[in-house]
S.K.: 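This is the structure, below, for whatever I ask next.
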Amino acid sequence: MSIYENLNPPQKEAVLYTEGPLLILAGAGSGKTRVLTHRIAYLIEEKGVNPWNILAITFTNKAAQEMRERVDNLVGMGAESIWVSTFHSACVRILRRHIDLLGYDNHFVIYDTDDQKSLMKEVISLLRLDPKEYRERGLMAYVSHAKDSLKTPDDCAKEAGRDENEQKYASAYREYQRLLVKNNALDFDDLLVKTVDLFQKHPEVLEYYQERFRYILVDEYQDTNTAQFEMLSLLAERYRNICVVGDDDQSIYKFRGANIHNILGFEDNYPEAKVVRLEQNYRSTKNILAAANSVIANNTMRKDKTLWTDNPEGKLVAFRQFHNGYEEAEYIAGEISQAVAKGEASCRDFAILYRTNAQSRLFEEKLLTANIPYKLVGGLNFYARKEIKDLLCYLKTVDNARDDLAVRRILNVPRRGIGNTTQERVLAYAAEMNISFYEALRVSEEIPYLGRSQPKIDDFVTFIQSLKTKAESYTVRELLEDIIELTGYRDELIKEGTEEAKSRIENIDELISKAQSYQDAMEEENRPATLSGFLAEVALVADIDSVDDSQDYVLLMTIHSAKGLEFPRVFMAGMEEGLFPGFLGFGKEEDENLAEERRLCYVGITRAMQELTLTCARERMMRGETKFHRISRFVEEIPRELVDMGQKTVEKKPKFDEKYNARTAYAEMKKAFQAKPYEKSEPKKASVKAPCGYDVGDTVRHAKFGVGIVLEIKDGGRDYEVTVDFETAGRRKMFAGFAALQKV
DNA sequence: TTAACAGGCCTTTTT
DNA sequence: GGCCTGTTAA
């Protein structure tokens, strides 16, 4: 019997349909990875396609790795010459070869979010923008969105018209881009933009890759943005063998520019496309799937499909409400430790999912005290740690001295007595002479007023030059070890002797072993191990990539990070209005944002195989203040017969017990959902809306500030704290009692 | 030039 | 509550 006999009919259809565009609408847990890998195997073994002609694109390295392994298992020979890669690393590989055609040096560096931020800060100061009004964050988001949709600074300027504010944004984008080019650096978005650029401006290059990638497969297609779409379109133009797999219900990256139209309109772009629906779920119990289906059914504008399963009914979906986040975390830690102690499950069976990274701390605390091994995914990326960035900046400097950011970062790390004033002077000189920062350092004797700092700069330059020479013969690992030794980086940390310093040393050792494993991996794939290559790989890892399925630990992560994974037992924490769904905005946006939050919830629920527990807290510390929350509407959207409300023992505080005892479990949930935010003492106000005479979104008048729009009304205990965006006076926070705002 | 301190600001979500 | 920034003192 062939391996293809194990597929269900639609799966088989998707595997066997090899020529021409194919859209696979794959519901959660419907075996899409299986289809993709079997399809690759089928192409090679049955259709005689050269593995060399296949490109498989995923979003994370982890997914790519998994796919590679599974393909390796199905296909004997030649699997290693298939390109299985993320969008970003595929782009790096292509650009490394050809980017000189666009005027860059092929040793370009990749800027991560931190680098982008520093660069943007520089833009703000260069353009003399008011840093209060123009924040890096906002500017970065603007630039990123422009790039996602393939808009150049010129396009943006044109679009901005006479709007002064818009013009400022466009010019910031222009300046930011100028600096990137000057530093011979590309940010994440550039990798895609420049690849598209390359294909469009150099047909001979495009043609080469079109010939090479005759069969293209794309995973998680619902999360592609316009730039990615364009790149795929260009590549697939010639042979039109493009197979995309996705689920519009799992589109959760709109904020990052994902264009849901790419999947919804696939048949418009490829009229001859075949569509296959995978609707049988192999992952979850009937109850979990029913819960997921009923939540997502509240979204309109989706491709019609209904997931079903042959799996057993399973347990009800559990719902527990707690007084605060501590009790919530304690409960979850307790449940896990009980199940593990009883031998019902191991740690690796569990995942705790939440909406925001900020929620992770409580779980960490409680798991730590309960002595449960866990792994936190997300938050601070390993490569974003100070000590790691410092060392990487040395490597970057050696690799590409045009990267001013890197050079400036390490100039005084470890301390060489070269301070800010000196750096400013060098910077001014470099700008004046139109040379890079490092070039300026090399000719420091020509820079006026450096005084006692000048010899120190010389020492630094000599040191870097010697590293550059070594880099020609050393491996990445050797070079790195040399840097650590010669800068005294490790010695300094040893001297410090604190717990923190110890963990930094561990991280440094970890970095060394990563350099080694890069070396090994490249050797295995028969590709040269280069410094640029290592730096690129390091820049493109996501935290999720480090998850090791064979290790026995509980996973803690955001729902976003959990996409594509599955766990026997899942906790979804913080199911509260205001947190999940979080801030929704107004008007048309509000509906769209809510829909996306709901899809996120759907993704979360469908991660669970056997057991799903939803939890929430009545009050929660957010940004340093206690907030009161109702139960998330998503919980309400699950039919009551699927939900187990649990025992009353969940309540620890007796005063709440009294209040809630009388009611049935579901009425309690209902009540809590409809009730106003819980108030501590003598509830005097009936609802959030009534007391002010105006609501969020209303236009109001203030005696001094004039007319404005209400952005937020927050229960501040004694009074309501109102945030208003005034036409003339800008954004203000005030207490409703004092402000005496009038609805207009 | 560096370290220590006060105040503002923040929060989605990530390759 | 904690991070980042800018200011100030040694």
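Below, chain A is the first sequence line, B the second, and so on; all start at residue 1.
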S.K.: side-chain contact (heavy atoms from CB on, under 4.5 Å) between A:Asp399 and A:Phe534: does it pass, once the steps are laid out?
M.R.: CA-CA 11 Å; A:Asp399 191 44; A:Phe534 177 64; over 6 Å; no
S.K.: Within the 4.0 Å heavy-atom criterion, would you say A:Ser89 contacts the bases, only the backbone, or no part of the nucleic acid?
M.R.: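 Since no nucleic acid heavy atom lies under 4.0 Å of A:Ser89, the category is nothing.
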S.K.: Between C:dG6 and B:dT11, how far apart are the two C1' atoms, rounded to whole Å?
M.R.: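 Here C:dG6 and B:dT11 have their C1' atoms 23 Å from each other.
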S.K.: Heavy atoms under 4.0 Å, any strand shown: does A:Thr224 hit a base, just sugar-phosphate, or nothing?
M.R.: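 The residue A:Thr224 makes no contact with any strand.
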S.K.: State which of C:dG1, B:dT14, B:dT15 makes the closest approach to the side chain of A:Met621.
M.R.: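 Minimum distance to the A:Met621 side chain belongs to C:dG1.
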S.K.: List the steps, then state whether salt bridge (Lys or Arg N to Asp or Glu O under 4.0 Å) holds for A:Asp390 with A:Lys386.
M.R.: CA-CA 6 Å; A:Asp390 286 345; A:Lys386 184 188 172 305; 2.8 Å; yes
S.K.: Starting from P on B:dT14, measure out to CD on A:Glu596 and report it in whole angstrom.
M.R.: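 Checked: the CD to P distance equals 13 Å.
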S.K.: If you look at every strand shown and take non-hydrogen atoms under 4.0 Å, does A:Tyr253 touch a base, only sugar-phosphate, or nothing?
M.R.: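 Since only primed, P, OP1 and OP2 atoms lie under 4.0 Å of A:Tyr253, the category is sugar-phosphate.
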S.K.: What's the CZ-C1' distance between A:Arg137 and B:dC10, to the nearest Å?
M.R.: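 For the pair A:Arg137 CZ and B:dC10 C1', the rounded distance is 8 Å.
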S.K.: Looking at B:dT1, B:dT15, C:dG1, which one has an atom nearest to any side-chain atom of A:His88?
M.R.: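 Nearest to the side-chain atoms of A:His88, counting from C-beta on, is B:dT15.
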S.K.: In whole Å, I'd like the distance from the NZ atom of A:Lys386 to the P atom of C:dC4.
M.R.: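 Taking NZ of A:Lys386 and P of C:dC4, I get 12 Å after rounding.
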S.K.: May I have the distance from A:Lys121 (atom NZ) to C:dT5 (atom C1'), rounded to whole angstrom?
M.R.: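 Interatomic distance, NZ of A:Lys121 to C1' of C:dT5: 8 Å.
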S.K.: Under 4.0 Å between a side-chain nitrogen and a carboxylate oxygen: does that hold for A:Glu566 and A:Arg607?
M.R.: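 No, no charged N to carboxylate O under 4.0 Å.
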S.K.: Does A:Asp219 pair with A:Lys32 as a salt bridge, N-O distance under 4.0 Å?
M.R.: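 Yes, A:Asp219 and A:Lys32 are salt-bridged.
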S.K.: Using the side-chain heavy atoms of A:Arg361, tell me which of these nucleotides is nearest: B:dT13, C:dG2, B:dT1.
M.R.: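 Taking heavy atoms from C-beta onward, the closest nucleotide is C:dG2.
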S.K.: Using the closest heavy atom to pick a nucleotide of DNA chain B for each, name whichever of A:Asp545 or A:Ile418 lands nearer the 5' end.
M.R.: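 Taking each residue's closest nucleotide, the earlier one in sequence belongs to A:Ile418.
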S.K.: Side chain of A:Arg415 only, heavy atoms from C-beta on: which candidate in B:dT2, C:dG1, B:dT1 is closest?
M.R.: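 The nucleotide sitting nearest to the side chain is B:dT2.
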S.K.: Name the nucleic acid region contacted by A:Asn357, choosing base, sugar-phosphate or nothing; use a 4.0 angstrom heavy-atom cut-off, strictly under.
M.R.: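 Here A:Asn357 touches the backbone only, sparing every base.
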S.K.: Would you mind telling me which of B:dT15, B:dT1, B:dT11 lies closest to the side-chain atoms of A:Ala358?
M.R.: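 The answer is B:dT11, which lies nearest to the side chain.
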S.K.: Considering only side-chain heavy atoms of A:Thr60, which listed nucleotide, B:dT1, C:dG2, B:dT15, is closest?
M.R.: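 In terms of side-chain proximity for A:Thr60, the closest of B:dT1, C:dG2, B:dT15 is B:dT15.
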S.K.: On DNA chain B, check which nucleotide each of A:Arg135 and A:Ala542 is closest to and give me the residue with the more 5' one.
M.R.: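 Result: A:Arg135.
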S.K.: Please state how far atom CG in A:Asp148 lies from atom C1' in B:dT15, giving the value in whole angstrom units.
M.R.: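 For the pair A:Asp148 CG and B:dT15 C1', the rounded distance is 10 Å.
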S.K.: Verify the contact: side-chain N or O of A:Thr113 to OP1 or OP2 of B:dT14, cut-off strictly under 4.0 Å; return yes or no.
M.R.: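 Looking at the OP1 and OP2 atoms of B:dT14, neither is under 4.0 Å from any side-chain N or O of A:Thr113.
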S.K.: Quick one: A:Ile252 CD1 to B:dT15 P, roughly how many Å, whole number?
M.R.: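 Atom-to-atom, A:Ile252 to B:dT15, this comes out as 11 Å.
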S.K.: Tell me whether the side-chain N/O atoms of A:Thr58 come closer than 4.0 Å to OP1 or OP2 in B:dT15.
M.R.: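 Looking at the OP1 and OP2 atoms of B:dT15, neither is under 4.0 Å from any side-chain N or O of A:Thr58.
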S.K.: Does either side chain, that of A:Glu387 or that of A:Asn507, offer a donor lying less than 3.5 Å from an acceptor on the other one?
M.R.: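 Distance-only check passes for A:Glu387 and A:Asn507.
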S.K.: Separation of A:Tyr326 atom OH from C:dG1 atom P, in whole Å?
M.R.: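 After rounding, the reported distance stands at 8 Å.
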S.K.: Is A:Phe255 stacked on the base of B:dT13 when the test is centres under 5.5 angstrom and planes under 30 degrees?
M.R.: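 One would call A:Phe255 stacked on the B:dT13 base.
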S.K.: A:Tyr134 and A:Tyr169: aromatic ring centres closer than 6.0 Å?
M.R.: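 Ring-ring flag for A:Tyr134/A:Tyr169: true, centres closer than 6.0 Å.
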S.K.: Looking only at side-chain atoms of A:Asn412, point me to the closest of B:dT13, B:dT2, B:dT15.
M.R.: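 Among B:dT13, B:dT2, B:dT15, the one nearest the side chain of A:Asn412 is B:dT2.
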S.K.: Atom CZ of A:Phe59 and atom C1' of B:dT13: how far apart are they, to the nearest Å?
M.R.: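 Those two atoms, CZ and C1', are 14 Å apart.
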S.K.: Reckon A:Thr421 has a side-chain N or O less than 4.0 Å from the OP1 or OP2 of B:dT1?
M.R.: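 Indeed, a polar side-chain atom of A:Thr421 lies that close.
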